[in-house]
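Have a look at the structure below, then the notes.
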4 protein chains.
Amino acid sequence: MSEPTQISTYFKEAMTENRNLTEKQKQILEASLSLFAEKGFANTTTANIAQRADVAEGTVYKRYANKQELLRAIIQPFLAVVLPRMATEFGAERVNLPFNTLRDFLTSVVTDRMHFVMANISVIKVLFEALMYNVELRNKFKDVATKAIGQIFTPAVTRLKEQHLVADIPNDMVFQLVISTFLGAVYREFLDLSPRDVNEQITFIIDTLDKGLRP
Amino acid sequence: MSEPTQISTYFKEAMTENRNLTEKQKQILEASLSLFAEKGFANTTTANIAQRADVAEGTVYKRYANKQELLRAIIQPFLAVVLPRMATEFGAERVNLPFNTLRDFLTSVVTDRMHFVMANISVIKVLFEALMYNVELRNKFKDVATKAIGQIFTPAVTRLKEQHLVADIPNDMVFQLVISTFLGAVYREFLDLSPRDVNEQITFIIDTLDKGLRP
Amino acid sequence: MSEPTQISTYFKEAMTENRNLTEKQKQILEASLSLFAEKGFANTTTANIAQRADVAEGTVYKRYANKQELLRAIIQPFLAVVLPRMATEFGAERVNLPFNTLRDFLTSVVTDRMHFVMANISVIKVLFEALMYNVELRNKFKDVATKAIGQIFTPAVTRLKEQHLVADIPNDMVFQLVISTFLGAVYREFLDLSPRDVNEQITFIIDTLDKGLRP
Amino acid sequence: MSEPTQISTYFKEAMTENRNLTEKQKQILEASLSLFAEKGFANTTTANIAQRADVAEGTVYKRYANKQELLRAIIQPFLAVVLPRMATEFGAERVNLPFNTLRDFLTSVVTDRMHFVMANISVIKVLFEALMYNVELRNKFKDVATKAIGQIFTPAVTRLKEQHLVADIPNDMVFQLVISTFLGAVYREFLDLSPRDVNEQITFIIDTLDKGLRP
DNA sequence: GATGAATGAGACTTCATTCAT
DNA sequence: AATGAATGAAGTCTCATTCAT
């Protein structure tokens, strides 16, 4: 496994490429992202953002009509660019390879995604809070996630089933069961429970999924 | 399995027994709980609460010094009364029974807790939001959870291991792996993904955990 | 002619009767009215209003959702209550009397309305500014005015025509020509041109209209 | 009578001749004029102006130190150039002719000015709003108007009186009574009341003033 | 205890104006 | 001369909290 994929790296790239954002506008986005992650959206004031971005408060509103819009500007590239792109790269590099065993598959997938999740917990928090009380955004996320799963994960699992490497469990349940293990790790990290090295966690998760999903 | 255990039922009972709350104060707590679940703490105004509780705004402040205190009044019985009591009852009724197979154990545990979780998703949301950006509360929760796990779950798993019904996985990881499956179900429900009957989910989860955790 | 009818008197009465406005809310309406008249709506801040009303700024928003709404709260009773009521009283006392000559009619109408207009110039200003760039309000005003004219003015003029005391000019033009004379007086007052006593103006206006409208 | 005299035509000419305005600056003035007329001064932002003028926001400030100055730049040629010039031309062409009857005089004056007013209602709006809450400007306007009246209108009326074609009414009242009829027409147009063709209005106005002002 | 009008601190937002390019 | 991003003062508005009744 190479170094973990930082969402924020993708994020900054997405910013650089995409829109003609001025330097200050980028500072604003980054300041917002970090503050939302630290304190939550509602507990972050535009004054906080302006200060951390080293910018006048009015500048925040030059491009972003309001605070809500600023959140959208952070979430939207996740959904529209970052997540799909990561899914694609992840698919090519980690999933749609010719695996000979379920364990190989799981080793590739779980290792990569676990490190990804761990490296981006604070960003995931922002996304989560945003989804929590916003139906519109939740639906958007659902769309993107469903699409990514359908294109990357499902084909790989289907192939494994054809090779009789995975039990006859519906694809959506296989996905749910795998995702569950990531959520469990996030939960542990989040609550800051008794420490357990990520690589150890990965080993146990792979072991368990390997046995559990086998035919 | 009887009807799912509603946190809110415990909650109301806890209110009734415990403190000498007036009728109005109960209304306030219930209104707060439902509003926080629907809109989130930050998006709920004290005016909202007063209105739904059918009470004057000032009345809210008669017993609860401030909005934060009101949240605490909702969360605290969860942590101090509801969760421990549920753990105990759950332990007595569902876990610390003489299971002959891992599957029997999982059937008991997963079935019960899955229905519990599904029946209380909105309440879990409030707790989650409260924990999200509040270290103090998070630590409190950690304490309670660790204690409950230590008293109920760990002994049961240890016994299963002694019976060679569970693989040699550290207890904390067993717990994590089981909890993960609940989180996966919550995640599915929360995002309102392709519907899959809870009982079906339970079956697949039990199957997978059974195989996965077996020695 | 008795003392001139003050819109603001009607206004205060309307406030007292109508809604259950608290004392402070009345102060807010009165402060707003006077400030809007003095400085215009756009040049009046909510801080100005709060200060003159001797009230906290938040109090302004307790009943009036926003500044625009506050303007509406001032204008609306004019249109819905004050103007119609004045029209009715005016009609009964000044218009729908058995006039034997056009001059009698004009004397009654012009005298009364001229004093009314002069006594309420500042209030008329607010109404005017409000109508100026607000189509919705303008339509509402049109409705009310049209109705009042139809019920009070038109019957009176029709009767005068039947008595052959007024030339064969369409009713709408008769009204326009009479109203014009008030507007001319307002214009003079407003520009603060060479002073000319109101009663003198009234005399010349009556003379001119009498000759001009005669058959 | 030829096509109605458009203030905006005078306005553009005044701009062209007078100052060495660049093309962009003319665009700014025109954009401001149209926006002020549509939405009012206070409701028009410099961003609005820049956009409609197809110019950068900073450009607006190259020649006009501030927004107020921009309004002044629009009003001032009215007062200093447009109105006097119109008065002069109007005087030469329409008033200071050897009229044989009051009706001839009124026909000339009312017809011309009514069409002028109707053709420029939106521009008149801007002037009016500007005068409404600006004492300084109001005084300036008073000066100009008084002068124009004194030089053009008064001599004509005085001559008519000498010919015994006008009743013995003070000149200021004659002017007021004539102006009133224009204001009445503006009022009707502004409120968008029941439509009545301008030429018909003119006929009734002339008839009434003819009879009303006759000795 | 309960009420709900009143408060005011502080958040969000606007926009005329400046200034480096 | 022109640009347009940036500014920040000032305005609008929200809402947790207080308090007289």
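Below, chains carry the letters A, B, ... as their sequence lines are ordered, and counting in each starts from 1.
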Atom pair [atom1] ([X]) and [atom2] ([Y]), whose distance is rounded to the nearest 0.5 Å:
X         : Y         : atom1 : atom2 : value
Asn139(A) : Leu137(A) : CG    : CG    : 9.0 Å
Glu30(C)  : Ile74(C)  : CD    : CD1   : 10.0 Å
Leu131(D) : Leu79(D)  : CG    : CG    : 7.5 Å
Asn48(D)  : Thr45(D)  : CG    : OG1   : 3.0 Å
Arg63(D)  : Lys24(D)  : CZ    : NZ    : 15.5 Å

In whole angstrom, what separates [X]'s [atom1] from [N]'s [atom2]?
X        : N       : atom1 : atom2 : result
Ile28(A) : dG8(F)  : CD1   : C1'   : 14 Å
Asn43(A) : dC12(E) : CG    : C1'   : 15 Å
Tyr64(C) : dT14(F) : OH    : C1'   : 18 Å
Asn48(C) : dC13(F) : CG    : P     : 14 Å
Leu35(A) : dA11(E) : CG    : P     : 13 Å
Gln51(A) : dT7(F)  : CD    : C1'   : 16 Å
Glu69(A) : dC12(E) : CD    : C1'   : 15 Å
Lys24(A) : dG4(F)  : NZ    : P     : 18 Å

Here DNA chain E, pairs taken as Watson-Crick or G-U under 3.5 Å and shown with ( ), [ ] when crossing and | when to another strand, reads .||||||||||||||||||||
Looking only at side-chain atoms of Ala56(B), point me to the closest of dT3(E), dG4(F), dT7(E).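 So the nucleotide nearest the side chain must be dT3(E).
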For Phe190(A), does the six-membered ring have the charged nitrogen or CZ of Arg138(B) within the cation-pi criterion, i.e. under 6.0 angstrom from the centroid and within 45° of the normal?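 Yes - Arg138(B) lies over the ring of Phe190(A), closer than 6.0 Å to its centre and within 45° of its axis.
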Quick check: does any side chain N or O of Lys140(B) sit under 3.5 Å from a backbone N or O of Gln76(B), one acting as donor and the other as acceptor? no
Give the B/S/- string for nucleotides 13-21 of chain E, one per nucleotide from 5' to 3', where a protein heavy atom under 4.0 Å of the base yields B, of only the sugar-phosphate yields S, and otherwise -. BBSBBB---
Do Phe41(C) and Tyr133(C) have ring centroids that are under 6.0 Å from one another?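 Ring centres of Phe41(C) and Tyr133(C) not closer than 6.0 Å.
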Can you tell me if the side-chain N/O atoms of Gln25(A) get under 4.0 Å from OP1 or OP2 in dA6(F)?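 For dA6(F), OP1 or OP2 has a side-chain N or O of Gln25(A) closer than 4.0 Å.
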May I ask you to verify if any side-chain N or O of Thr22(C) is less than 4.0 angstrom from the OP1 or OP2 atom of dG4(E)?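 So the side-chain polar atoms of Thr22(C) never come under 4.0 Å of the phosphate oxygens OP1 or OP2 of dG4(E).
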Would you name the heavy atoms of Leu127(B) and Phe141(B) that are closest together and state the gap between them?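 For Leu127(B) and Phe141(B), the tightest heavy-atom pair comes out as CD2-CE1, 3.9 Å.
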